[in-house]
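Only one structure is covered here, and it is reproduced in the block below.
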Amino acid sequence: MSVSPVSRSVPPEIVTRHFDPVLKPDLAPLYAAREARLNALAADHPAGDYLRFVADVTHAQAGLLDQVSAGSTDPATAASEPGWLDLLDGLLAALKDNAPAAVAPHFDAIAAMDRAARQAAGVALATGRFSQVDAAIAPILWAALSEQVAVSVRAEDASPVHAGPHDGGFCPVCGTAPVASMVYGGMEMRGLRYLHCALCESEWHVVRAVCSNCGDGKDVEYLSFDTAEAVVRAECCDHCHGYLKIVSAERERTAEAVADDLATLDLDDAVANEEYRRTGFNPWALPREDSAGPERVN
């Protein structure tokens with residue numbers, strides 16, 4: 001299937017209304033919405049088994065929320081602390097009895113790691129050294145670390161580490177790259193675009209008329225399969241040659257950044273063939289090259 005280029009045609013954003021520049025994660029409803037969307041997308045999907053597995057992990061994350069104590073919001077520091085390791089044990093315990101046969105050996109591999117090895121792997125992931133961690137176990141480790149950092153962000157009152165006229169590129173709260181951007185519906189947020197952090201689940205506002213990576217507004221176009229009205233499109237920039245998917249809750253109210261991005265990895269393959277590079281990543285399809293990892297925003 002070829003990818004169809006769609007010229008930029010979004011309406012101008014209303015910049016005079018009030019909006020929150022950074023949204024901290026409300027994890028219970030976020031996990032519930034993600035689980036439901038993953039299960040819905042799994043029906044008749046070629047990767048349906050994997051989507052359902054991610055839904056099961058998300059359900060387990062929700063079940064452990066009351067056991068998570070806040071720690072550091074800095075990814076590398078959080079990975080060095082013990083809290084996420086206890087959370088990882090909780091995820092393994094919640095999932096192991098019903099784990100798919102293909103996944104069970106990966107759970108065994110994590111169980112065989114001592115705490116020092118798990119901690120070292122967590123620090124490697126938090127600092128973007130993805131190649132140092134087995135790709136089969138990395139997403140489970142990331143899930144535990146992500147929940148720990150997200151709970152900490154939710155509990156912290158500190159200001160973002162970076163704020164400015166263009167807050168694209170990296171999360172202003174924890175410094176990690178985004179999964180995708182969401183265009184919201186509803187009366188209060190209709191038409192607003194927020195980027196969703198791959199680690200701490202925070203979201204930050206970026207206007208829709210510019211590239212979410214470099215801020216250029218002249219050379220942006222949208223690529224999608226079949227129709228310009230697709231729920232998920234790739235926002236491609238000919239200035240920086242980067243792209244990030246944009247997910248529309250205006251077009252599908254149940255759309256969710258992580259779920260819809262994960263269900264459209266075939267679009268990533270098509271856009272890569274057009275010689276654009278992805279400027280973010282999905283936590284359930286972590287990159288294997290270190291250069292795409294999280295970077296602290298100073």
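In this chain, numbering begins with 1 at the start of the sequence shown. This is a predicted model, so every value here is computed, not measured.
A heavy-atom distance below 4.5 Å is not found between the side chains of Val54 and Leu51. For the pair His205/Arg193, no side-chain contact is recorded, criterion being any heavy-atom separation below 4.5 Å from C-beta on. A 4.5 Å side-chain heavy-atom check between Val220 and Val210 finds every atom pair outside the cut-off. At a threshold of 4.5 Å between non-hydrogen side-chain atoms, the residues Arg277 and His241 do not count as touching. Side-chain contact between Met182 and Glu203: present, with at least one pair of heavy atoms (C-beta onward) separated by less than 4.5 Å. Within the 4.5 Å cutoff, the side chain of Phe225 has heavy atoms near those of the Asp266 side chain. Counting only heavy atoms from C-beta outward, the side chains of Phe107 and Ile140 approach each other to under 4.5 Å. You'll find the side chain of Arg37 reaches within 4.5 Å of the side chain of Glu252, heavy atoms only.
Between the side chain of Asn39 and the backbone N or O of Ala55 there is no donor-acceptor pair closer than 3.5 Å. The main-chain N or O of Ala272 is never found under 3.5 Å from a side-chain atom of Asp269 such that the two would form a donor-acceptor pair. Judged purely by atom type and a 3.5 angstrom limit, Thr279 uses its side chain to pair as donor or acceptor with the backbone of Tyr243. A donor-acceptor contact shorter than 3.5 Å links the side chain of Trp142 to the backbone of Ala198. With Asp20 contributing its side chain and Val22 its backbone, the two residues share no donor-acceptor pair below 3.5 Å. Between the side chain of Gln148 and the backbone N or O of Ser69, at least one donor-acceptor pair lies under 3.5 Å. Side chain of Thr77 to main chain of Thr73: no donor-acceptor pair is present (N/O by atom type, distance under 3.5 Å, no hydrogens or angles). A donor-acceptor pair under 3.5 Å is absent between the side-chain atoms of Thr264 and the main chain of Leu267, judged by distance alone. The backbone N or O of Gly191 lies less than 3.5 Å from a partner atom in the side chain of Arg208, making a donor-acceptor pair. In this structure a side-chain-to-backbone donor-acceptor pair under 3.5 Å is present from Ser152 to Gly71.
Summarising the geometry, atom SG belonging to Cys237 is positioned 10.0 Å from atom CD belonging to Glu221; distances are rounded to the nearest 0.5 Å. Taking CG from Leu64 and CG from Leu91, the interatomic distance works out to 5.5 Å, rounded to the nearest 0.5 Å. Residue Cys236 holds its SG atom at 12.0 Å from CG of Asp219, rounded to the nearest 0.5 Å. Put simply, CG on Leu199 and SG on Cys174 are 4.5 Å apart, with the number rounded to the nearest 0.5 Å. Taken to the nearest 0.5 Å, the CG atom of Leu38 stands 6.5 Å off from the CG atom of Leu262. Atom OG of residue Ser146 and atom CG of residue Leu125 lie 11.5 Å apart, to the nearest 0.5 angstrom.
For the salt bridge (Lys or Arg N to Asp or Glu O under 4.0 Å) criterion with Glu201, the lone passing option out of Arg154, Arg34, Lys24 is Arg34. When Thr176, Val151, Val149 are each tested for a side chain to side chain contact (heavy atoms under 4.5 Å, CB included) with Cys200, only one passes: Val149. Screening Ser212, Pro21, Pro178 for a side chain to side chain contact (heavy atoms under 4.5 Å, CB included) involving Trp204 leaves a single residue, Pro178. Results of the side chain to side chain contact (heavy atoms under 4.5 Å, CB included) test with Ser181 over Asp261, Leu195, Val206, Val247 single out Leu195 as the only residue that passes.
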Yes or no on side chain to side chain donor-acceptor pair (under 3.5 Å) for Tyr276 and Asp238, after CA distance, side-chain angles and deciding distance? CA-CA 8 Å; Tyr276 294 101; Asp238 287 329; 2.6 Å; yes
For the pair Arg115 and Asp86, evaluate salt bridge (charged side-chain N to carboxylate O under 4.0 Å, His left out) and give the outcome as yes or no after the intermediate values. CA-CA 10 Å; Arg115 287 177 72 87; Asp86 296 333; 3.4 Å; yes
Does His196 form a side-chain contact (heavy atoms from CB on, under 4.5 Å) with Leu30? I'd like the steps, not just the answer. CA-CA 12 Å; His196 189 100; Leu30 184 153; 3.9 Å; yes
Evaluate the criterion side-chain contact (heavy atoms from CB on, under 4.5 Å) for residue pair Val232 and Ile246; output intermediate values, then yes/no. CA-CA 6 Å; Val232 181; Ile246 183 166; over 6 Å; no
Evaluate salt bridge (charged side-chain N to carboxylate O under 4.0 Å, His left out) for Glu235 paired with Lys245, printing each intermediate quantity in order. CA-CA 6 Å; Glu235 182 181 74; Lys245 281 188 246 174; over 6 Å; no
Output, in order, the C-alpha distance, side-chain angles, deciding distance and verdict of side-chain contact (heavy atoms from CB on, under 4.5 Å) for Arg118 and Ile110. CA-CA 8 Å; Arg118 295 183 188 184; Ile110 297 173; 4.1 Å; yes
Given Leu23 and Ser202, is the side-chain contact (heavy atoms from CB on, under 4.5 Å) satisfied, shown in steps? CA-CA 6 Å; Leu23 304 177; Ser202 295; over 6 Å; no
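The aromatic rings of Tyr184 and Tyr194 lie perpendicular to each other, with more than 60° between the two planes, well past the 30° mark.
We find that Glu289 and Arg278 are not joined by a salt bridge, their nearest charged nitrogen and carboxylate oxygen being 4.0 Å or further apart.
Glu147 meets the side-chain hydrogen bond (donor to acceptor under 3.5 Å, both in side chains) test with no other residue; sequence neighbours excluded. Residues satisfying the side-chain hydrogen bond (donor to acceptor under 3.5 Å, both in side chains) test with Asp49, not counting sequence neighbours, are Arg52.
Enclosure of atom NE2 in His106 by more than 12 non-hydrogen atoms of other residues, nucleotides or ligands within 6.0 angstrom is indicated. Residue-environment remark: CG (Asn98) stays at or below the threshold of 12 foreign heavy atoms within 6.0 Å.
Judged by the 6.0 Å distance and 45° axis criteria, Arg288 is not positioned over the aromatic ring of Phe130.
Linking ILVMFWY side-chain heavy atoms closer than 4.5 Å, directly or via other members, places Val123 and Leu141 in two distinct hydrophobic clusters.
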